[in-house]
S.K.: 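Quick one: the structure is below, and I'll ask about it shortly.
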Amino acid sequence: MRLPGPDHPITISANPKRVRVTAGGSVVADTTHALILKEASYPAVQYVPRADANMELLKRTERVTHCPYKGDASYFSIAADGKTIENAIWTYETPFPAMAEITGYLAFYPDKVRIEEVA
C-alpha cells in the first residue's frame, strides 16, 4: 500500500454538477452526488454512487486489478440494448484507508460509455 503524496497526488472532491452515464440508449447512472478523483497526471475520473446506478444493467466479471494507492478493483460489464460492453466499470469495494471515500462508488471507462455533466 502506498500513500498519496507530492510525488503522486490524489484528490477527491464533490462534483457540484449532475452526472449522467449512458450506454447506447440506456441510462446506466444519473446522480447529483458524483465525486471527482484526480490522480497524478491522469485524466480526472467521475465516481458515481452505486445507489444512483441502474445495477440491473450491470454484470460482475472475473476481472480484478490492483492499484498500489487505492487497492483491488472489481469490474462490471454493462448489458443494455441487446449488447454487452465488457469490463466498462470498475469499483474499489474495500479501498485502502486513504481512499475510503470512494467505497460504494463506480467509475466508468469514457471510451466505453458516454459520461456527461448535465446543467
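Nothing fancy with the numbering, it's 1 onward along the sequence.
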S.K.: Do the ring planes of Y69 and H8 sit parallel (below 30°), tilted (30 to 60°) or perpendicular (above 60°)?
M.R.: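 Aromatic pair Y69/H8 classed parallel.
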
S.K.: How long is the span from the CD atom in E62 to the OG atom in S74, to the nearest 0.5 Å?
M.R.: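 The OG atom of S74 is 10.0 Å from CD of E62, to the nearest 0.5 Å.
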
S.K.: Name all residues meeting the side-chain hydrogen bond (donor to acceptor under 3.5 Å, both in side chains) criterion together with H33; count only those two or more places apart in sequence or in a different chain, and write none if there are none.
M.R.: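 None.
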
S.K.: With sequence neighbours left out, write down each residue that passes side-chain hydrogen bond (donor to acceptor under 3.5 Å, both in side chains) with Y75, or none if nothing qualifies.
M.R.: T65

S.K.: State, to 0.1 Å, how close F108 and V28 come at their nearest heavy-atom pair, and which atoms those are.
M.R.: CE2-CG1, 3.8 Å

S.K.: Write out all pairs satisfying side-chain hydrogen bond (donor to acceptor under 3.5 Å, both in side chains) with one or both partners inside residues 19-30, taking only residues at least two apart or from two chains.
M.R.: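 Pairs touching residues 19-30 that pass the test: R18-D30, R20-D30, S26-D81.
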
S.K.: Would you say V19 ends up clustered with I36 if hydrophobic residues are merged whenever their side chains have heavy atoms under 4.5 Å apart, either directly or through other cluster members?
M.R.: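 They do not share one cluster, since no chain of ILVMFWY contacts under 4.5 Å joins I36 to V19.
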
S.K.: Please name the pair of heavy atoms, one in T61 and one in S77, separated by the smallest distance, quoted to 0.1 Å.
M.R.: CG2-OG, 3.2 Å

S.K.: Atom CD1 of I89 and atom NZ of K59: how far apart are they, to the nearest 0.5 Å?
M.R.: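 I89 atom CD1 to K59 atom NZ measures 11.0 Å (nearest 0.5 Å).
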
S.K.: Pairs of donor and acceptor atoms involving the side chains of residues 111-119, under 3.5 Å and at least two apart or interchain, shall be tabulated with distances.
M.R.:
unit_1, atom_1, unit_2, atom_2, d
K112, NZ, E86, O, 2.8
R114, NH2, E116, OE1, 3.4
E117, OE2, N15, ND2, 2.8
E117, OE2, Q46, NE2, 3.4

S.K.: Table please: side-chain donor-acceptor pairs of residues 94-106 below 3.5 Å, with sequence neighbours left out.
M.R.:
unit_1, atom_1, unit_2, atom_2, d
T103, OG1, A100, O, 2.8

S.K.: Mind checking the OH-OG1 spacing from Y47 to T31? Nearest 0.5 Å is all I need.
M.R.: 15.0 Å

S.K.: Between G71 and Y92, what is the shortest heavy-atom contact and its length?
M.R.: O-CE2, 3.3 Å

S.K.: Are the side chains of I78 and L58 in touch, meaning some heavy atoms are under 4.5 Å apart?
M.R.: yes

S.K.: Hey, what do you get for OG1 (T11) to CD (E39), rounding to the nearest 0.5 Å?
M.R.: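 Result: 10.0 Å between the selected atoms.
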
S.K.: Under the salt bridge (Lys or Arg N to Asp or Glu O under 4.0 Å) rule, collect the residues that match up with R50, sequence neighbours excluded.
M.R.: E93

S.K.: Between N54 and V27, what is the shortest heavy-atom contact and its length?
M.R.: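 That would be CB-O, 4.0 Å.
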
S.K.: To the nearest 0.5 angstrom, please state how far the CZ atom of F76 sits from the CE atom of M55.
M.R.: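 F76 atom CZ to M55 atom CE measures 4.5 Å (nearest 0.5 Å).
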
S.K.: Quick one: OG1 on T91 to CG on D72, what's the gap to the nearest 0.5 Å?
M.R.: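 Rounded to the nearest 0.5 Å, the OG1-CG separation comes out at 11.5 Å.
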
S.K.: Quick check: is V21 connected to V45 through a chain of hydrophobic side chains (ILVMFWY, heavy atoms under 4.5 Å apart)?
M.R.: no

